[in-house]
Amino acid sequence: MGFNKRVYEIVRQIPEGKVAFYGQIAFLAGVWRASRAVGYALHRNPYHGKVPCHRVVFKDGRLAAGFAFGGQGVQRQLLEGEGVQFTVDGRVDMEKCCWHPQKATEKDF
DNA sequence: CCAATGACGCCCA
DNA sequence: ATGGGCGCCATTG
């Protein structure tokens with residue numbers, strides 16, 4: 001299950017105050033369109049204590065609905081607490097908080 | 001191997 | 001703007 005593992009390693013590197021969208025994670029994982037698989041992987045998220053899956057949102061900046069960590073409100077508070085800015089629409093401000101991957105997408109786990 | 005699933009993403013009515 | 005539908009892909013039964 002290299003893909004999943006890769007997803008976890010990548011998400012784990014998202015710094016505080018930043019967010020990434022599923023499609024981006026998929027791209028970094030090596031499969032541009034696997035956004036769906038990324039969501040599946042994060043849903044399982046066996047490393048929920050290490051992987052900040054709450055920093056992964058929709059491409060639009062929308063938060064995962066329904067199943068998200070006990071509610072969108074919770075996820076939003078977590079993100080705000082890390083310094084992520086939200087728009088009046090209730091979405092993450094992708095303009096400023098979109099994660100910019102340095103270079104590392106592997107090792108150290 | 002085949003069918004079903006899901007925290008996505010995009011197009012069209 | 002909203003809602004519905006289809007395609008994508010990895011994982012699971």
Side-chain angles (χ1 to χ4, degrees):
Chain A
M1 311 204 287
F3 185 81
N4 255 338
K5 187 176 177 184
R6 221 161 319 194
V7 170
Y8 300 134
E9 292 177 3
I10 294 170
V11 175
R12 198 173 95 95
Q13 298 169 66
I14 303 177
E16 296 183 4
K18 298 287 182 178
V19 296
F21 43 90
Y22 296 91
Q24 183 173 11
I25 301 301
F27 175 76
L28 296 173
V31 189
W32 166 54
R33 296 153 243 173
S35 55
R36 197 127 204 184
V38 173
Y40 199 88
L42 289 181
H43 179 183
R44 290 188 67 280
N45 189 16
Y47 307 95
H48 66 86
K50 308 171 184 176
V51 180
C53 37
H54 56 272
R55 294 184 194 144
V56 184
V57 299
F58 281 73
K59 190 185 169 212
D60 306 346
R62 263 262 191 246
L63 302 184
F67 267 90
F69 332 100
Q72 300 170 307
V74 178
Q75 182 177 10
R76 175 168 177 170
Q77 286 179 47
L78 282 169
L79 294 173
E80 290 183 316
E82 297 179 343
V84 176
Q85 297 174 35
F86 279 75
T87 65
V88 292
D89 304 43
R91 309 186 216 179
V92 177
D93 189 333
M94 300 304 278
E95 296 284 318
K96 300 181 170 93
C97 303
C98 182
W99 178 44
H100 201 247
Q102 304 294 328
K103 63 195 300 186
T105 54
E106 74 236 37
K107 75 178 122 200
D108 148 75
F109 194 38

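Convention: sequence-line order gives letters A, B, ...; per-chain numbering from 1. Worth knowing before you read on, the calculation uses all heavy atoms, side chains too, and leaves out hydrogens, waters and symmetry mates.
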Measure all distances between protein nitrogen or oxygen atoms and nitrogen or oxygen atoms of nucleotides 2-7 of chain C, and list the pairs falling under 3.5 Å.
residue, atom, partner, partner atom, Å
dG7(C), O6, R36(A), NH1, 2.8

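- The interatomic distance linking R62(A) (CZ) with dG9(B) (P) rounds to 13 Å, in whole Å.
- In this structure, H54(A) and L79(A) have side chains that are in contact, with non-hydrogen atoms separated by less than 4.5 Å.
- In this entry the distance linking CG of N45(A) with C1' of dA7(B) reads 10 Å, nearest Å.
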Grab the N/O contacts between the protein and nucleotides 10-13 of chain C below 3.5 Å, and write none if there aren't any.
residue, atom, partner, partner atom, Å
dT12(C), OP1, R44(A), NE, 3.3

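- Legend: residues meeting side chain to side chain contact (heavy atoms under 4.5 Å, CB included) with R91(A), ordered by chain and number and at least two apart, are D60(A), R62(A), T87(A), D89(A).
- M1(A) has its side chain out of reach of Y8(A): every pair of non-hydrogen atoms, C-beta onward, lies at least 4.5 Å apart.
- Residues passing the side chain to side chain donor-acceptor pair (under 3.5 Å) test with Q24(A), sequence neighbours excluded: none.
- A straight line from CG of L42(A) to P of dA7(B) spans 11 Å, rounded to a whole angstrom.
- Residues that satisfy the salt bridge (Lys or Arg N to Asp or Glu O under 4.0 Å) test with E80(A), not counting sequence neighbours, are R76(A).
- Remark: P of dG9(B) and CZ of R91(A) are 13 Å apart, rounded to the nearest angstrom.
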Look for any protein N or O under 3.5 Å of an N or O in nucleotides 10-13 of chain B and output each such pair with its distance, or none.
residue, atom, partner, partner atom, Å
dC10(B), OP1, K59(A), NZ, 3.1

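- The environment of F86(A) atom CZ is dense: over 12 non-hydrogen atoms of other residues, nucleotides or ligands sit within 6.0 angstrom.
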*Pair assignment for DNA chain C - dot-bracket with | for other-strand partners, Watson-Crick or G-U under 3.5 Å*: .||||||.|||||

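- Of the residues in residues 80-89 of chain A, none lies under 4.0 Å from DNA chain B by heavy-atom distance.
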In a table with atom names and distances, give each donor-acceptor pair under 3.5 Å that connects a side chain of residues 33-41 of chain A to protein atoms at least two apart or in another chain.
none

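- Distance F27(A) CZ to dC8(C) C1': 16 Å, rounded to the nearest Å.
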